[in-house]
Amino acid sequence: MSTENINFQDIWNKKNTEIPNIQEIKSTADKYKKKQLQSTLWHIFSLSITAVMIVLIWYVIDFKMFTTTLGIALILIALALYIYLFSQNVNVIRTINPSINNQEYLASLKKLQKQQLYMQTKGISIYYVLLTAGFAFYFYEFAMRMSTLGATLAYGLTFLWLAIAWFFLRPRQIKKQNEKISKVIDSLESIEKDLEN
């Protein structure tokens with residue numbers, strides 16, 4: 001049996017006891033889509049506000065060293081990159097429509113999964129490299145004015161937080177995101193397999 005032209009709406013209308021609860025799967029997929037869209041838009045908003053605040057600091061304070069300006073520029077590039085990646089997620093999330101046929105719906109979810117995988121690997125790696133370099137250059141001017149202990153604390157605490165975010169928080173977030181989308185995709189694929197039998 002070909003599954004290319006199967007529509008979820010038709011399945012819901014003809015539902016029998018052997019087919020998994022499609023309404024529940026659709027509801028889970030819709031909740032996932034809404035939550036992802038809200039989360040993504042929140043990230044874009046908060047990163048944009050952060051970027052605006054950094055630009056205001058850059059504009060208001062007269063920095064004496066080029067390294068500070070370079071640090072700010074690197075941080076802004078990192079934020080802009082991540083905002084761009086999140087906006088790409090919004091475009092993919094908006095194309096997900098549970099009323100389209102099975103194959104297109106699965107393809108939309110898999111495209112979102114692929115986009116998230118890119119963000120979780122290459123995107124976030126570039127983001128952290130730029131952010132780390134940006135902080136290193138930004139703090140240099142201030143570290144020159146501090147005592148050795150103060151400079152060590154400033155750099156140490158900043159890079160400790162980046163390390164915690166990279167090694168502990170990031171993997172947890174990736175795992176949670178992957179589990180959520182994989183659950184929806186696995187449910188839809190199981191329906192597809194049941195229909196083929």
Side-chain angles (χ1 to χ4, degrees), residues 32-96 108-182:
Y32 174 79
K33 176 186 172 183
K34 288 176 184 173
K35 192 170 185 176
Q36 276 300 114
L37 189 59
Q38 286 175 342
S39 173
T40 301
L41 291 173
W42 172 250
H43 279 94
I44 290 171
F45 175 75
S46 61
L47 289 171
S48 298
I49 293 297
T50 302
V52 167
M53 296 305 292
I54 290 170
V55 168
L56 285 173
I57 290 170
W58 193 3
Y59 180 75
V60 171
I61 299 174
D62 183 29
F63 297 111
K64 306 294 182 216
M65 297 179 78
F66 173 73
T67 55
T68 310
T69 302
L70 177 63
I72 290 174
L74 288 173
I75 292 169
L76 289 173
I77 291 169
L79 293 174
L81 169 76
Y82 222 54
I83 289 169
Y84 171 76
L85 291 174
F86 273 118
S87 68
Q88 293 302 306
N89 260 4
V90 169
N91 293 337
V92 174
I93 291 169
R94 285 190 175 156
T95 64
I96 297 173
S108 296
L109 286 174
K110 287 180 179 181
K111 185 176 180 183
L112 176 61
Q113 188 178 37
K114 187 178 177 181
Q115 173 70 18
Q116 284 181 341
L117 182 65
Y118 179 83
M119 278 186 70
Q120 294 165 351
T121 54
K122 291 181 180 146
I124 203 163
S125 297
I126 295 168
Y127 172 75
Y128 270 94
V129 166
L130 288 170
L131 202 60
T132 301
F135 280 129
F137 284 119
Y138 177 77
F139 284 135
Y140 183 72
E141 180 176 341
F142 304 108
M144 296 297 289
R145 299 179 193 163
M146 294 180 190
S147 67
T148 304
L149 178 63
T152 303
L153 279 173
Y155 274 108
L157 291 174
T158 301
F159 293 121
L160 175 65
W161 169 247
L162 288 171
I164 289 170
W166 178 262
F167 291 111
F168 298 107
L169 300 179
R170 181 186 64 89
R172 279 180 157 177
Q173 182 183 14
I174 289 171
K175 183 179 177 186
K176 282 170 54 175
Q177 284 179 343
N178 288 342
E179 284 174 355
K180 287 177 186 176
I181 195 164
S182 291

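Computation of the quantities below employed the complete heavy-atom set of this structure, encompassing side-chain atoms and omitting hydrogens, waters and symmetry-equivalent molecules. As the structure is a prediction and not an experimental result, all values here were calculated from the model.
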- By ring pair (Phe, Tyr, Trp, His ring centres under 6.0 Å) - contacts of Y127 (at least two apart):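 For Y127 the ring pair (Phe, Tyr, Trp, His ring centres under 6.0 Å) partners, ignoring immediate neighbours, are Y82.
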Within this structure, what is the [atom1]-[atom2] distance for the pair [X] and [Y], rounded to the nearest 0.5 Å?
X    : Y    : atom1 : atom2 : answer
K175 : R170 : NZ    : CZ    : 14.0 Å
L41  : L37  : CG    : CG    : 4.5 Å
I124 : I126 : CD1   : CD1   : 11.5 Å
Q177 : S182 : CD    : OG    : 11.0 Å
I61  : L56  : CD1   : CG    : 10.5 Å
H43  : N89  : NE2   : CG    : 10.5 Å

State, to 0.1 Å, how close [X] and [Y] come at their nearest heavy-atom pair, and which atoms those are.
X    : Y    : result
A78  : L131 : CB-N, 4.0 Å
F139 : Y155 : C-OH, 3.5 Å
S108 : V92  : O-CG1, 4.2 Å
T121 : L117 : OG1-O, 2.8 Å
L74  : G134 : CB-CA, 3.7 Å

- Item | Sole candidate of W161, W166, F159 that passes ring-ring contact (aromatic ring centres under 6.0 Å, His included) when paired with Y128 |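 The passing option is W166.
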- Not counting sequence neighbours, which residues clear salt bridge (Lys or Arg N to Asp or Glu O under 4.0 Å) with K64? List them please.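 For K64 the salt bridge (Lys or Arg N to Asp or Glu O under 4.0 Å) partners, ignoring immediate neighbours, are D62.
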- Residues that R172 engages under salt bridge (Lys or Arg N to Asp or Glu O under 4.0 Å), provided they are two or more places apart: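 For R172 there are no salt bridge (Lys or Arg N to Asp or Glu O under 4.0 Å) partners, ignoring immediate neighbours.
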- Using side chain to side chain contact (heavy atoms under 4.5 Å, CB included) as the criterion, list what pairs up with I54, not counting sequence neighbours.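 I54 satisfies side chain to side chain contact (heavy atoms under 4.5 Å, CB included) with T50, I72, I75, L76, L79 only.
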- side chain to side chain contact (heavy atoms under 4.5 Å, CB included) involving K180 - partner list, sequence neighbours excluded: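 Result, side chain to side chain contact (heavy atoms under 4.5 Å, CB included) vs K180: Y32, K35.
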Beyond-backbone contact of [X] with [Y], side-chain heavy atoms, under 4.5 angstrom:
X   : Y    : result
F66 : F137 : no
Q38 : W42  : no
K33 : I93  : yes

- Message: So, applying side chain to side chain contact (heavy atoms under 4.5 Å, CB included) with L85, which one of K122, Q116, M119 is it?
- Response: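 The single option meeting the side chain to side chain contact (heavy atoms under 4.5 Å, CB included) with L85 is M119.
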- Query: Does the pair Q115 and N91 meet the rule for a side-chain contact (heavy atoms from CB on, under 4.5 Å), with working shown?
  - Reply: CA-CA 11 Å; Q115 173 70 18; N91 293 337; over 6 Å; no
- Item | Qualifying side chain to side chain donor-acceptor pair (under 3.5 Å) pairs, either residue in residues 143-154, two or more places apart |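 Qualifying pairs: E141-R145.
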- Quick one: does S39's side chain have a donor or acceptor within less than 3.5 Å of a partner on Q36's backbone?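 Checked: no pair found.
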- Message: Around atom CZ of F142, are there more than 12 heavy atoms from other residues, nucleotides or ligands closer than 6.0 Å?
- Response: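 Check passes, neighbour count above 12.
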- Message: Counting only heavy atoms from other residues, nucleotides and ligands, does the tally under 6.0 Å from CE of M146 exceed 12?
- Response: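 More than 12 within 6.0 Å, yes.
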